[in-house]
Colleague: 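Please read through the structure below; I'll follow up with questions.
Order of appearance sets the numbers: ligands from 1, and atoms from 1 within every ligand. Counting begins at 1 with the first residue of the sequence.
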Amino acid sequence: MTNHQKAIASVFYTLLISLLPLKITASLTTVAEALAKWSLSPSLPSWSLTNHINLCNWDALVCDISNTTVSKINLSNVNISGKLADLDFTSLPHLTLLNLNGNRFGGSIPSTIDNLSKLSFLDLGDNLLEGTLPSELGQLRELQHVSFFNNSLNGTIPYQFTNLPKS
Ligand SMILES: *[C@@H]1O[C@H](CO)[C@@H](O)[C@H](O)[C@H]1NC(C)=O
Ligand SMILES: *[C@@H]1O[C@H](CO)[C@@H](O)[C@H](O)[C@H]1NC(C)=O
Ligand SMILES: *[C@@H]1O[C@H](CO)[C@@H](O)[C@H](O)[C@H]1NC(C)=O
Ligand SMILES: *[C@@H]1O[C@H](CO)[C@@H](O)[C@H](O)[C@H]1NC(C)=O
Ligand SMILES: *[C@@H]1O[C@H](CO)[C@@H](O)[C@H](O)[C@H]1NC(C)=O
Ligand SMILES: *[C@@H]1O[C@H](CO)[C@@H](O)[C@H](O)[C@H]1NC(C)=O
């Protein structure tokens with residue numbers, strides 16, 4: 001490399017490194033906004049946008065090891081109500097675990113659940129969900145554990161489940 005190239009490379013690296021934290025903050029803010037907008041009743045006091053800097057400390061959330069994404073949402077048995085369809089799944093591409101077992105979640109399971117492409121654990125059991133299971137559930141390639149037990153769901157199990165690669 002010539003000195004000129006070295007200078008350009010070093011400017012590039014400096015830019016890259018200074019932009020990295022911005023990108024991380026931006027994606028965590030997106031997740032915080034999506035979760036704060038998910039109207040749950042009763043609401044969780046820590047799930048507040050004024051507290052978005054501490055997203056990894058919000059109740060029921062687990063971040064990845066570097067605190068750059070939310071990887072788990074575990075709201076099991078907290079007697080909460082809400083609608084699954086009100087959660088913006090597109091903001092949670094890194095979610096590996098969603099446990100809503102034992103609550104009063106109602107409405108249907110939205111077909112956009114296929115946006116949770118990293119999901120390996122999905123427990124929606126013991127809720128008030130209704131409607132049919134969307135075939136898009138079959139697109140969740142990483143799923144290893146899934147439960148819809150004790151809801152008012154009808155229809156057939158998506159045939160794709162018979163091909164779950166990791167179960
Ligand atoms: C990640 O966030 C948690 C909770 O705020 C904190 O305890 C932990 O030290 C953080 N880890 C890193 C690598 O920043
Ligand atoms: C979720 O939270 C419950 C209650 O806090 C706990 O018993 C359970 O082990 C947690 N983990 C998973 C994977 O759901
Ligand atoms: C769950 O919440 C409902 C509605 O707020 C309430 O009527 C019920 O008593 C609660 N159940 C438990 C076990 O706390
Ligand atoms: C994700 O959600 C968007 C809109 O919410 C939808 O158009 C798309 O088909 C979904 N699935 C994937 C895999 O992106
Ligand atoms: C079914 O789920 C509800 C919560 O939605 C719970 O109160 C009830 O005990 C569950 N029934 C069984 C048979 O597990
Ligand atoms: C499934 O349930 C929905 C409402 O929850 C109902 O409108 C529909 O007719 C039901 N379908 C079947 C096949 O039972």
Colleague: With heavy atoms of L97 as the reference, note each atom of ligand 2 found under 4.0 Å away.
Modeller: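 Close to L97: 13 (C).
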Colleague: Can you find a heavy atom in the side chain of N74 that is under 4.5 Å from one in the side chain of L61?
Modeller: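 They are not in contact (no side-chain heavy atoms under 4.5 Å apart), so the answer is no.
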Colleague: Between N150 and D126, is any side-chain donor less than 3.5 angstrom from a side-chain acceptor?
Modeller: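 Looking only at side-chain atoms, D126 and N150 do form a donor-acceptor pair, the distance falling under 3.5 Å.
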Colleague: Does a side chain donor of either N79 or R104 reach within less than 3.5 Å of an acceptor in the other side chain?
Modeller: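 Yes, side-chain donor-acceptor contact under 3.5 Å.
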Colleague: Side chain of N51, backbone of S46: donor and acceptor closer than 3.5 Å?
Modeller: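 Side chain of N51 to backbone of S46: a pair is present.
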Colleague: Looking only at atom types and distance, does a side-chain atom of N54 sit under 3.5 Å from a main-chain N or O of H52, one as donor and one as acceptor?
Modeller: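 No; zero donor-acceptor contacts below 3.5 Å.
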Colleague: Output yes when a side-chain donor or acceptor of N151 lies under 3.5 Å from a complementary backbone atom of L153, and no otherwise.
Modeller: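 Looks like no, no N/O pair under 3.5 Å.
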Colleague: Pairs under 3.5 Å, N/O atoms on ligand 1 and on the protein: can you put them in a table with the distances?
Modeller:
residue: ligand 1; atom: 2 (O); partner: N67; partner atom: OD1; Å: 3.3
residue: ligand 1; atom: 2 (O); partner: N67; partner atom: ND2; Å: 2.3
residue: ligand 1; atom: 5 (O); partner: N57; partner atom: OD1; Å: 2.9
residue: ligand 1; atom: 5 (O); partner: N57; partner atom: ND2; Å: 3.2
residue: ligand 1; atom: 11 (N); partner: N67; partner atom: ND2; Å: 3.0
residue: ligand 1; atom: 14 (O); partner: N67; partner atom: ND2; Å: 3.2

Colleague: Using the ring pair (Phe, Tyr, Trp, His ring centres under 6.0 Å) rule, collect all pairs that involve residues 74-123, keeping only residues at least two apart or in two chains.
Modeller: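 Only W38-F105, F121-H145 qualify under ring pair (Phe, Tyr, Trp, His ring centres under 6.0 Å).
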Colleague: Which ligand 2 atoms are under 4.0 Å away from a heavy-atom of S76?
Modeller: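 Ligand 2 atoms under the 4.0 Å threshold to S76: 1 (C), 2 (O), 3 (C), 4 (C).
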